[in-house]
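Since this is a predicted model, take the numbers as computed values, not measurements. Both ligands and their constituent atoms are indexed starting at 1 by order of listing.
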Amino acid sequence: MNNISRRRFIQWLGSASALGALGAPSLALPNSKARIIVVGGGFGGATCANYLKRFDPSLDVTLIEQSKQFYTCPFSNAVLGGLYDMDFIRHDYAKLQSKHHIKLIQDKASTIDPVKQTVRTTAGRTLSYDRLVLSPGIDFRWNAIEGYDPAASLIMPHAWKAGEQTVLLRKQLHEMRDGGVVVIAPPANPFRCPPGPYERASMIAHYLKQHKPRSKVLILDAKDQFSKQTLFQDAWDEFYPDIIEWVPGSQGGRVTAVDPKHMTVTADDERIKTDVANIIPPQLAGDIAHRSGLTNDQGWCPVNQKTFESTIYKNVHVIGDASIAGKMPKSGFAASSQGKVCAAEIVAALHGDTVGTSSWVNTCYSLITPDYGISVAAVYRLSDEGIVGVKGAGGVGPRDAPRSTRRMEAIYAEGWYRSITADIFG
Ligand SMILES: Cc1cc2nc3c(=O)[nH]c(=O)nc-3n(C[C@H](O)[C@H](O)[C@H](O)COP(=O)(O)OP(=O)(O)OC[C@H]3O[C@@H](n4cnc5c(N)ncnc54)[C@H](O)[C@@H]3O)c2cc1C
């Protein structure tokens, strides 16, 4: 492939990321023995590893992921609502290895040496890289809410990383008495999945309405506004008027302390007794990003907005929730979109080429009931201020949409989930 057609191909990659789960023809370029390490096999990292190999099969791509299987946060709220079981949100790395020939190391990356360009793992391996991609997701600011530490999360689950925490929260909901109170405490911005706590309230209310109809969901919010607020509140008025109550931060909603022993949460100096407490604490970039000095004062990773290369260390790229990606939200779709653009940028850079104008995309569906969905969508482009939304592209679903639209959005939600996970993991 000559330079011109290669450049055109790489420009196409940029727009392909905006189209979501497209297949891409493979491109073997000369000089492709570069070693790329990707840390974190979630939405951002697994996509990036996969697309690096699709774009240039001769690259040496190693994925370091600490867990054997990946449970997605998307659709974990629907598991809590009783719509699906845990198997639906479980994925493994078999196809990334067998089909895309990515080397998988099941281990935890413990330290990075950006000067020697090596990654050390807890099992004692040291691996060298030419380019490193980090997509470690989030970690929690333990004790930012007084008393909320890792031990407290075993009694008052956050369930903001899917897996054992999802199972625990579901078990607590199943064991709760009819007439019980479920507190959900969402944090201030920025955090992973802005509409997530409100979809969770809807799905828990859906479960309670069928099985424990005298129960309540009390959302004690650190904020005064939230994503898709009008659509959520309209739907709550219709489906869960006696179940869901939302208390904004300025009206006493901000949770400042918890007492797991007595199952109380403190908001606005008032101690509230609860049966189930889902505390979603303030967040920051995944631990490895901090230990490697890749974060700013706010705990997130500043990156070049075009290439996602860290502005702190060369040849280290950070994507997904851990990165500061302009106006893009911390979502799985956004992380996957960034993974594709980052893969294209790395392949181009390794061959002395450049990528044209990339764009990114995000759509976020939320289920209110099994057949009532709402969505927000946006297309993003690069500007002088970083990554910004394209005016007029996307937006929140209309308030007066007919019931058939809501039904379709619920169907699209599942279609989106099936296609993005197939694109990433197999
Ligand atoms: C309840 C809920 C619902 C959501 N719903 C949606 C939705 O409908 N749509 C949507 O687009 N997004 C949704 N999200 C957001 C989405 O889950 C995240 O934005 C997305 O997972 C971010 O991708 P990531 O690659 O940054 O992190 P992750 O997907 O979390 O991947 C990080 C991976 O890195 C691994 N890892 C971390 N540190 C190390 C290390 N040191 N060594 C080895 N491995 C490591 C972890 O084990 C993990 O597998 C939801 C989130 C929540 C909590």
Answer side chain, backbone, both or neither: which part of [X] comes under 4.0 Å from ligand 1, heavy atoms only.
{"X": "Trp416", "result": "side chain"}
{"X": "Glu199", "result": "neither"}
{"X": "Phe70", "result": "side chain"}
{"X": "Ser76", "result": "side chain"}

Which of the numbered atoms in ligand 1 are under 4.0 angstrom from any heavy atom belonging to [X]?
{"X": "Gly137", "result": "26 (O), 27 (O), 32 (C)"}
{"X": "Asn77", "result": "1 (C)"}
{"X": "Ser135", "result": "24 (P), 25 (O), 26 (O), 31 (O), 32 (C), 33 (C), 34 (O)"}
{"X": "Ser331", "result": "10 (C), 11 (O), 12 (N), 15 (C), 18 (C), 19 (O)"}
{"X": "Asp107", "result": "43 (C)"}

Does one side chain, of Asp221 or Tyr198, offer a donor that lies under 3.5 Å from an acceptor on the other?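 Short answer, yes.
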Between the side chains of Arg406 and Tyr372, is a donor N or O closer than 3.5 angstrom to an acceptor N or O?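 Checked: Arg406/Tyr372 side chains pair up, N/O donor to acceptor below 3.5 Å.
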Please determine if [X] has a nitrogen or oxygen closer than 3.5 Å to a nitrogen or oxygen of ligand 1.
{"X": "Ala322", "answer": "no"}
{"X": "Ala159", "answer": "no"}
{"X": "Arg192", "answer": "yes"}
{"X": "Ala109", "answer": "yes"}
{"X": "Asn362", "answer": "no"}
{"X": "Phe333", "answer": "yes"}
{"X": "Trp160", "answer": "no"}

Under a 4.0 Å N-O cut-off, is there an ion pair linking Lys33 with Asp60?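 Between Asp60 and Lys33 there is no salt bridge, as every charged N stays at least 4.0 Å from the carboxylate O atoms.
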Is the shortest distance from a Lys or Arg side-chain nitrogen in Asp371 or Arg403 to a carboxylate oxygen in the other one below 4.0 Å?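 Salt bridge absent between Asp371 and Arg403.
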Looking only at protein heavy atoms, which one is nearest to [atom], and how far off is it?
{"atom": "atom 51 (C) of ligand 1", "value": "Cys73 CB, 3.2 Å"}
{"atom": "atom 21 (O) of ligand 1", "value": "Phe43 CD1, 3.4 Å"}
{"atom": "atom 13 (C) of ligand 1", "value": "Pro74 CG, 3.5 Å"}
{"atom": "atom 34 (O) of ligand 1", "value": "Gly40 CA, 3.1 Å"}
{"atom": "atom 31 (O) of ligand 1", "value": "Gly42 CA, 3.3 Å"}

In terms of heavy-atom contacts, does NZ of Lys273 have more than 12 from other residues, nucleotides or ligands at under 6.0 Å?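 Atom NZ in Lys273 is packed in, count exceeds 12.
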Within 6.0 Å of CD in Gln225, more than 12 heavy atoms from elsewhere: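 Open: at most 12 neighbouring heavy atoms sit under 6.0 Å from CD of Gln225.
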Think Lys340 forms a cation-pi with Trp360, using NZ or CZ under 6.0 Å from the six-ring centre and within 45 degrees of its axis?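 Not satisfied by the 6.0 Å and 45° rule.
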What about the rings of [X] and [Y], do their centers lie closer together than 6.0 Å?
{"X": "Phe333", "Y": "Phe43", "result": "no"}
{"X": "Tyr207", "Y": "His174", "result": "yes"}
{"X": "Trp246", "Y": "Phe226", "result": "yes"}

Whether Trp160 and Phe191 hold their rings parallel, tilted or perpendicular, with breakpoints at 30° and 60°: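 Tilted.
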Nearest heavy atom to [atom]: which of [options] does it belong to?
{"atom": "atom 12 (N) of ligand 1", "options": "Gly339, Gly332, Ala335", "answer": "Gly332"}
{"atom": "atom 38 (N) of ligand 1", "options": "Pro136, Pro195, Ala78, Ala46", "answer": "Pro136"}
{"atom": "atom 47 (O) of ligand 1", "options": "Gln106, Glu65, Lys108", "answer": "Glu65"}
{"atom": "atom 39 (C) of ligand 1", "options": "Gln66, Arg291, Lys161, Lys330", "answer": "Gln66"}

Work out which heavy atom in Ser128 is nearest to a heavy atom in Thr118; give both atom names and the distance.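 What the structure gives for the nearest pair is OG-CG2, 3.8 Å.
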Using the rule ring-ring contact (aromatic ring centres under 6.0 Å, His included), only one of Tyr84, Tyr365, Trp416 pairs with Phe75; which is it?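 In the set Tyr84, Tyr365, Trp416, the residue that makes a ring-ring contact (aromatic ring centres under 6.0 Å, His included) with Phe75 is Tyr84.
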With respect to Trp236, which candidate in Tyr240, Phe232, Phe239 satisfies the ring-ring contact (aromatic ring centres under 6.0 Å, His included) definition?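 Answer to the ring-ring contact (aromatic ring centres under 6.0 Å, His included) test with Trp236 among Tyr240, Phe232, Phe239: Phe232.
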